[in-house]
Amino acid sequence: SAFNDSNPPNKFMVFNTAYTMLDFLGYKSDKLPKPTDNLQNITNDGEHAFYAAHCDYFVVGDKKLMTKAKVLYSKYKINTKVVSPEEFIEIVGKVCHPSIVDLGNLVGDAFSILNSGVLIEYIPKSDNYETDVYAIELQTHFLNFFNYVLYQQYKEEGFDVLTFRRVFKNYSTFVYHTEVERLIRECIRILGDNGKDLEKDIKEFVYTNPSKNKFEWQYGDGMIMIAYDEELNRPYFKLVIKLA
């Protein structure tokens with residue numbers, strides 16, 4: 001239906017209208033060669049592209065759909081990558097973080113993944129920041145969840161701080177409970193449960209009261225913490241490492 005005051009446009013309506021208009025204007029349009037083909041085919045493709053805009057990747061074999069999705073993702077500044085099945089297989093091998101054995105493996109991987117990342121932003125020390133901050137986009141997703149890290153070095157105190165975050169640049173506004181639970185259980189597998197009421201703590205953090213709970217592990221002069229960012233509505237992972 002037409003947009004009006006009683007029926008204001010939302011993301012779904014705007015995106016799918018734009019997709020259909022691309023087709024009507026003849027841009028990589030579907031020829032609909034068979035009697036069974038109809039406008040519903042175009043609408044379905046538009047919906048596929050819209051829902052994929054909530055994800056990291058849109059895996060598609062249809063070249064016309066692929067091209068139109070790329071055009072609209074660029075137009076609406078959606079960072080979802082549009083790839084073929086063959087490209088996705090290659091990408092997954094680079095993005096996935098192999099299983100971690102123990103604490104030493106985790107710390108080593110954290111710095112390795114940090115060093116192979118891409119510097120996105122540098123924020124100098126100021127009244128708002130105690131140290132210089134380096135925002136880095138990760139090529140490998142740390143713990144198969146986090147795709148950015150903020151790196152800070154406290155030289156006088158003698159320690160580094162790595163704050164791993166999950167950043168969205170698409171239509172998604174949340175992470176699934178199952179993703180968070182998998183992350184917590186993986187960290188507990190690697191680092192131990194600290195003798196807590198494990199199941200109760202996990203359920204509270206994931207499902208009921210995340211902002212009031214956190215998981216902490218001490219090791220030597222260092223510390224690891226998973227806590228919840230209420231503003232972004234997702235967990236973050238902080239690694240504090242004492243410099244030698």
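For K203, the salt bridge (Lys or Arg N to Asp or Glu O under 4.0 Å) partners two or more places apart in sequence, or in a different chain, are E181. Remark: S172 engages H54, F168, N170 in a side-chain contact (heavy atoms from CB on, under 4.5 Å) (not counting sequence neighbours). Among residues two or more places apart in sequence or in another chain, the side-chain hydrogen bond (donor to acceptor under 3.5 Å, both in side chains) test is passed with D221 by none. In this view, K94 and E90 satisfy the salt bridge (Lys or Arg N to Asp or Glu O under 4.0 Å) rule, not counting sequence neighbours. Partners of K75 under the side-chain contact (heavy atoms from CB on, under 4.5 Å) rule, at least two apart in sequence or in another chain, do not exist in this structure.
Between Y76 and F15, the angle of the ring planes lies from 30° to 60°, which puts this pair in the tilted group. A tilted orientation is assigned to the rings of F146 and F164, their planes being inclined by 30° to 60°. Ring-plane geometry between Y51 and F12 is classed as tilted, the angle between the planes lying from 30 to 60 degrees on a 0 to 90 degree scale. Taking the six-membered ring for Trp and thresholds of 30 and 60 degrees, Y228 and F205 have ring planes more than 60 degrees apart, a perpendicular arrangement.
Under a 3.5 Å cut-off, the side chain of R189 and the backbone N or O of I100 do form a donor-acceptor pair. Side-chain N or O atoms of S112 include none that pairs as donor or acceptor with a backbone N or O of G108 at under 3.5 Å. Distance alone, capped at 3.5 Å, places no donor-acceptor pair between the D160 side chain and the I241 backbone.
With a 6.0 Å radius and a threshold of 12 heavy atoms from other residues, nucleotides or ligands, E130 has its CD atom at or below the threshold.
For residues 133-142, no residue pair satisfies the side-chain hydrogen bond (donor to acceptor under 3.5 Å, both in side chains) rule, not counting sequence neighbours.
Cation-pi geometry between R165 and Y148 is not met: the NZ or CZ atom fails to fall both under 6.0 Å from the ring centre and inside 45° of the normal.
Ion pair K64/D45 not flagged as a salt bridge, since none of the NZ, NE, NH1 or NH2 atoms sits closer than 4.0 Å to an Asp/Glu carboxylate oxygen. Between R182 and E186 no salt bridge is recorded (no basic side-chain N to carboxylate O distance below 4.0 Å). E157 has no carboxylate O lying under 4.0 Å from a charged side-chain N of K242, or vice versa, which leaves the two without a salt bridge. For R166 and D229, the salt-bridge test fails: no basic side-chain N is under 4.0 Å from an acidic carboxylate O.
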